[in-house]
S.K.: 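I'd like to ask you about the structure that follows.
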2 protein chains.
Amino acid sequence: MIDFEKSVTYVLTQLAIGYRTYLEKALGEIGLHSGQVFVMISLWKTDGQSQIDLVKNLDLTAPTVNIMIKSLMNGGFVECRKCPSDGRLMRVFLTDKGIECQTSVAEQWTKIEAQSYLNLTETEKLVLAQLFGKLRENLSLNIKTGSTKL
Amino acid sequence: MIDFEKSVTYVLTQLAIGYRTYLEKALGEIGLHSGQVFVMISLWKTDGQSQIDLVKNLDLTAPTVNIMIKSLMNGGFVECRKCPSDGRLMRVFLTDKGIECQTSVAEQWTKIEAQSYLNLTETEKLVLAQLFGKLRENLSLNIKTGSTKL
DNA sequence: ATCTAATGTTTTGCAAGCTAATCATAAAAC
DNA sequence: GTTTTATGATTAGCTTGCAAAACATTAGAT
């Protein structure tokens with residue numbers, strides 16, 4: 001019988017909950033939530049994306065992104081404008097507030113990274129990044145091919 | 001400026017979403033959901049725990065566990081009995097169905113693990129476990145001491 | 001030009017996590 | 001013995017993720 005608690009699935013899931021808690025606390029003062037910040041990260045890279053762009057870039061679903069954008073609009077971080085050339089598209093643009101808060105977010109983010117890396121050597125950091133890459137490959141393998149059945 | 005997308009926080013969060021999706025699909029036929037299965041894993045180890053026991057063992061909050069137990073009761077996986085010696089405690093016991101499904105869950109879980117490990121050597125598996133351990137330490141550090149402020 | 005397809009957004013309804021507040025019971029103080 | 005305090009369970013309300021279905025608009029077929 002498999003030892004659930006030592007499995008990647010188990011440990012990684014637990015870690016992710018921890019990271020979410022950290023993010024919530026770190027972003028609370030800025031006015032962002034743990035999920036919304038990922039939308040911001042994508043917009044800081046490429047402003048004016050449509051929802052479907054964000055869906056693809058963030059690997060989330062349309063309803064998830066849709067709701068997050070609404071919250072971000074309420075918070076004054078982004079604003080939406082219908083694309084004039086294609087009425088279906090809703091382009092999302094950063095407001096000044098949305099642009100400016102990047103610095104604060106980066107600060108908080110850097111602190112969490114530093115804490116994560118507390119007792120890791122440079123080599124270990126590299127190895128971790130590599131292993132994460134492999135895990136991601138392995139998982140997305142089936143997703144991309146569509147054969148999600150296990 | 002920090003490269004958000006290459007950070008542990010970012011990558012690990014994305015991975016966790018992937019694992020959740022996998023779990024949902026793998027457990028769907030069994031009738032369990034991705035969160036509930038962690039309660040089951042704890043009960044398979046120690047049956048008859050109270051909610052507060054589960055909260056501590058799973059590192060979750062009381063409301064989260066409370067709702068999961070309700071769902072698990074609805075699904076017929078567990079049943080609850082008030083502790084006769086302490087009326088506050090609600091002990092959670094596995095039903096036959098709850099005990100029996102462990103085999104199926106282990107099967108599915110093993111498949112996900114196998115897929116995770118597809119292109120990893122034995123050494124890499126060990127290193128990954130070690131690194132996960134360190135991350136967990138680093139994160140829970142502040143949590144345990146109470147100084148959650150960043 | 002019209003009808004159908006496809007594409008993008010939104011709504012609805014669920015599960016999973018949280019905080020804060022409430023209720024029930026037990027333990028402790030007095 | 002009564003009151004206060006502490007503990008465990010629950011409720012209410014939020015964010016975040018999903019699937020499925022509905023809606024709006026564009027593109028394609030005829």
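Residue numbers begin at 1 in each chain, while the letters A, B, ... track the order of the sequences.
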S.K.: Check whether any side-chain N or O of B:Lys82 sits under 4.0 Å from OP1 or OP2 of C:dA26, and answer yes or no.
M.R.: no
S.K.: Given atom CG of B:Asp86 and atom C1' of C:dA24, what is their separation to the nearest angstrom?
M.R.: 11 Å
S.K.: Separation of B:Lys70 atom NZ from C:dA16 atom P, in whole Å?
M.R.: 14 Å
S.K.: Please answer whether the main-chain N or O of A:Thr9 pairs with a side-chain N or O of B:Glu113 as donor and acceptor at a distance below 3.5 Å.
M.R.: yes
S.K.: Should A:Asp53 and A:Ser50 be marked as a side chain to side chain donor-acceptor pair (under 3.5 Å) after you check the CA-CA gap, both sets of side-chain angles, and the distance that decides it?
M.R.: CA-CA 5 Å; A:Asp53 288 335; A:Ser50 68; 3.1 Å; yes
S.K.: Main chain of B:Gly98, side chain of B:Trp44: is a donor-acceptor contact present, judged purely on distance under 3.5 Å?
M.R.: yes
S.K.: I'd like the 5' and 3' limits of the part of DNA chain D contacted by chain A, with heavy-atom contacts below 4.0 Å.
M.R.: D:dT15 to D:dT26
S.K.: Yes or no on side chain to side chain donor-acceptor pair (under 3.5 Å) for A:Asn57 and A:Gln49, after CA distance, side-chain angles and deciding distance?
M.R.: CA-CA 10 Å; A:Asn57 288 331; A:Gln49 294 183 65; 2.6 Å; yes
S.K.: Grab the CD-C1' distance between A:Gln14 and C:dA16 for me, whole Å please.
M.R.: 15 Å
S.K.: Can you pull out the residues from residues 39-56 of chain B that lie within a 4.0 Å heavy-atom distance of DNA chain D?
M.R.: B:Ser50, B:Gln51, B:Ile52
S.K.: Not counting sequence neighbours, list each pair that qualifies as a side-chain hydrogen bond (donor to acceptor under 3.5 Å, both in side chains) and has a residue in residues 88-100 of chain A.
M.R.: A:Asp86-A:Arg88
S.K.: Test salt bridge (charged side-chain N to carboxylate O under 4.0 Å, His left out) on A:Lys125 and A:Glu122; report intermediate values, then the result.
M.R.: CA-CA 5 Å; A:Lys125 293 181 196 175; A:Glu122 286 302 319; 3.0 Å; yes
S.K.: Give a yes or no on whether the backbone of B:Val39 and the side-chain of B:Ser42 come within a donor-acceptor separation of less than 3.5 Å.
M.R.: no
S.K.: Check the interface with nucleotides 17-21 of chain C: list each N/O to N/O pair with the protein under 3.5 Å, or write none.
M.R.:
| from | atom 1 | to | atom 2 | distance (Å) |
| --- | --- | --- | --- | --- |
| C:dG17 | O4' | A:Arg20 | NH2 | 3.1 |
| C:dC18 | OP2 | B:Thr61 | N | 2.9 |
| C:dC18 | OP2 | B:Thr61 | OG1 | 2.9 |
| C:dC18 | OP2 | B:Thr64 | OG1 | 3.1 |

S.K.: Is there a donor-acceptor contact under 3.5 Å from the side chain of A:Gln115 to the main chain of B:Asn138?
M.R.: yes
S.K.: Under 4.0 Å from OP1 or OP2 of C:dT9: is there any side-chain N or O of A:Asn66 that close?
M.R.: no
S.K.: Identify each donor-acceptor pair in which a side-chain atom of residues 26-38 of chain A lies under 3.5 Å from a protein atom, sequence neighbours left out, and give them as a table.
M.R.:
| from | atom 1 | to | atom 2 | distance (Å) |
| --- | --- | --- | --- | --- |
| A:His33 | ND1 | A:Glu24 | OE1 | 2.9 |
| A:Ser34 | OG | A:Glu24 | OE2 | 2.8 |
| A:Gln36 | OE1 | A:His33 | N | 3.2 |

S.K.: Which residues satisfy the ring-ring contact (aromatic ring centres under 6.0 Å, His included) test with A:Tyr117, sequence neighbours excluded?
M.R.: none
S.K.: Would you confirm whether A:Tyr19, through its side chain, and B:Leu12, through its main-chain N or O, come within 3.5 Å as a donor-acceptor pair?
M.R.: no
S.K.: Paired with C:dT4: which nucleotide, if any, by Watson-Crick or G-U wobble criteria at under 3.5 Å for both distances?
M.R.: D:dA27
S.K.: Syn or anti for D:dA19, with syn set at within 90° of 0?
M.R.: anti
S.K.: Take A:Ser85 and A:Leu32, find for each the nucleotide of DNA chain D with the closest heavy atom, and name the residue whose nucleotide sits nearer the 5' end.
M.R.: A:Leu32
S.K.: Could you state the CZ-C1' distance from B:Arg88 to C:dC23, rounded to the nearest angstrom?
M.R.: 13 Å
